[in-house]
Amino acid sequence: MYAGWQRQPDQPTIQAALEAALLQITRSSISTIAASRTDAGVHALGQVVGFQSERPLLPHEWTRALNGVLPKNISVRQTEVAAEDFHARYDAHSKTYEYRILNQPTRPALDRLRVWQIAKPLDVNLMRDASRHVLGQHDCTSFQGPAAGTKNPVCTIERIDCLHDGPLIRFTIQADRFLKQMVRALVGTLVEIGHGKRGPDALMTILEARDRRRRSHGAPSGALPSSRPLQNGRVVSRRSMPGRLRHPCKGSVIR
């Protein structure tokens, strides 16, 4: 299991594995920048990673070379040439997270690491209606994780959907930015609303409090299977060849 995207001492991460592969290919140390950092246990779809190298490989050659040396649980789907001023993080204008809940009394087998299994029935309609209170621009201090150290807690939540298909409940949340553990805190609070532990206006009340002690402890990270940063269009360059890489799940890098 990887300890998220960002390089950490004495822990395996996606960034460390990718930079080790680039070192093996180019024989030089290359730093990578991702559009969004993911926590341990969070899977990602549509991650964009930028890097620069003087090695004159074509995009498809970068893809083939990286897949030849990366661990088997990391795969590059596509590499693209980027503009000189391209920045994977700052060029992302919004991000989308999906959180999955399996609302049934028996535990899952194949998807046990990608869903949050909740035995007690949830009132999905109540959760759906309550989620609309967070649409728009808000100070999201109440929904950030401990020791987040965020200087700007204001986020604009552009979309929040709740799809119900049998026992599977999927929350899709799109915003211009997210605070640390924000999605897990939102979903955890919605579950408490769905169980009748909080009223339908709880999300707005918690937002206005600007105190993270008012919200839920948060949902587990493993059921947060996808993170998709959206970029402001295609990027092109003639000189240095920054790659554009994307990863869909814990431990993989693809487009």
Side-chain angles (χ1 to χ4, degrees), residues 4-5 33-39 41-50 86-101 114-116 122 124-145 148 150 152-165 168-191 193-194 200 202-204 206-207 212 215-216 218-235 244-250 252 254-255:
W5 157 261
I33 299 175
S36 181
R37 292 177 291 182
T38 54
D39 296 332
V42 176
H43 312 292
L45 175 63
Q47 177 72 289
V48 176
V49 180
F86 173 71
H87 193 287
R89 179 182 175 188
Y90 298 128
D91 284 351
H93 59 80
S94 67
K95 300 171 185 178
T96 301
Y97 280 90
E98 180 183 282
Y99 198 98
R100 298 176 183 176
I101 295 172
R114 298 195 179 188
V115 296
W116 181 15
L122 290 162
V124 179
N125 289 328
L126 190 61
M127 296 166 70
R128 184 182 292 117
D129 291 341
S131 69
R132 294 170 184 152
H133 287 295
V134 299
L135 289 172
Q137 188 178 80
H138 304 283
D139 182 325
C140 296
T141 298
S142 294
F143 289 102
Q144 67 180 341
T150 304
N152 177 19
V154 176
C155 304
T156 301
I157 299 178
E158 303 160 357
R159 178 171 65 96
I160 179 164
D161 296 329
C162 177
L163 301 179
H164 190 199
D165 183 11
L168 182 63
I169 303 168
R170 294 188 300 166
F171 281 100
T172 303
I173 306 174
Q174 180 176 324
D176 62 340
R177 58 194 295 269
F178 289 92
L179 306 184
K180 181 180 180 181
Q181 300 179 7
M182 177 174 160
V183 174
R184 292 163 56 190
L186 282 169
V187 172
T189 305
L190 285 168
V191 165
I193 293 172
L203 287 177
M204 183 55 68
I206 295 169
L207 277 171
R212 69 179 188 85
R215 49 87 163 175
S216 161
S221 63
L224 192 59
S226 62
S227 163
R228 183 190 297 273
L230 304 178
Q231 302 293 324
N232 292 319
R234 296 179 63 83
V235 286
R244 190 177 174 198
L245 310 177
R246 308 183 173 193
H247 66 91
C249 60
K250 177 179 57 183
S252 39
I254 68 165
R255 180 182 185 278

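Smallest separation of non-hydrogen atoms from Ile173 and Phe178: O-CZ, 3.5 Å. The minimum heavy-atom distance linking Ala130 with Pro200 is given by the pair CB-O, 3.5 Å. For Thr156 against Asp176, the heavy-atom pair with the smallest separation is N-OD1, 2.8 Å. Between Cys155 and Cys140, the shortest heavy-atom contact is CB-SG, 3.9 Å. In plain terms, the two heavy atoms of Pro153 and Thr141 that are nearest each other are CB-OG1, 3.3 Å. Listed here is the closest heavy atom pair of Phe143 and Ala185: O-CB, 3.7 Å.
Side chains of Ile33 and His87 form a contact here, defined as non-hydrogen atoms less than 4.5 Å apart. In this structure, Ile160 and Tyr97 have side chains that are not in contact, with every pair of non-hydrogen atoms separated by 4.5 Å or more. Looking at Gln144 and Lys180, their side chains never come closer than 4.5 Å, going by heavy atoms from C-beta outward. Within the 4.5 Å cutoff, the side chain of Tyr99 has no heavy atoms near those of the Cys162 side chain.
Going from atom CG of Leu207 over to atom NE2 of His138 covers 5.5 Å, rounded to the nearest 0.5 Å. Atom CE of residue Met204 and atom OG of residue Ser142 lie 11.5 Å apart, to the nearest 0.5 angstrom. Within the model, atoms CZ of Arg100 and CG of Leu163 stand 11.0 Å from one another, a figure rounded to the nearest 0.5 Å. One distance of note links CG of Asp161 with CZ of Phe171; it measures 10.0 Å at 0.5 Å rounding. One finds the CD atom of Gln181 at 8.5 Å from the CZ atom of Arg212 (value rounded to the nearest 0.5 Å).
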Item checked: side chain to side chain contact (heavy atoms under 4.5 Å, CB included) evaluation trace for Arg170 with Glu98 -> CA-CA 7 Å; Arg170 294 188 300 166; Glu98 180 183 282; 3.7 Å; yes
Checklist line | Stepwise side chain to side chain contact (heavy atoms under 4.5 Å, CB included) test for Met127 and Val191 | finding: CA-CA 7 Å; Met127 296 166 70; Val191 165; 4.3 Å; yes
Note to self: Run Ile193 and Leu203 through side chain to side chain contact (heavy atoms under 4.5 Å, CB included) and show every step you take.
What the structure shows: CA-CA 9 Å; Ile193 293 172; Leu203 287 177; 4.2 Å; yes
Check: Does the pair Thr172 and Thr96 meet the rule for a side chain to side chain contact (heavy atoms under 4.5 Å, CB included), with working shown?
Finding: CA-CA 7 Å; Thr172 303; Thr96 301; 3.5 Å; yes
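Listed by chain and residue number, Asp129 satisfy the side-chain hydrogen bond (donor to acceptor under 3.5 Å, both in side chains) test with Arg132 (two or more places apart in sequence, or in another chain). Scanning for side-chain hydrogen bond (donor to acceptor under 3.5 Å, both in side chains) contacts around His133 gives Asp201, with sequence neighbours left out. Evaluation of the side-chain hydrogen bond (donor to acceptor under 3.5 Å, both in side chains) rule for Ser131 yields no partner, not counting sequence neighbours.
Within a 6.0 Å radius of CG in Asn152, other residues, nucleotides and ligands contribute more than 12 heavy atoms.
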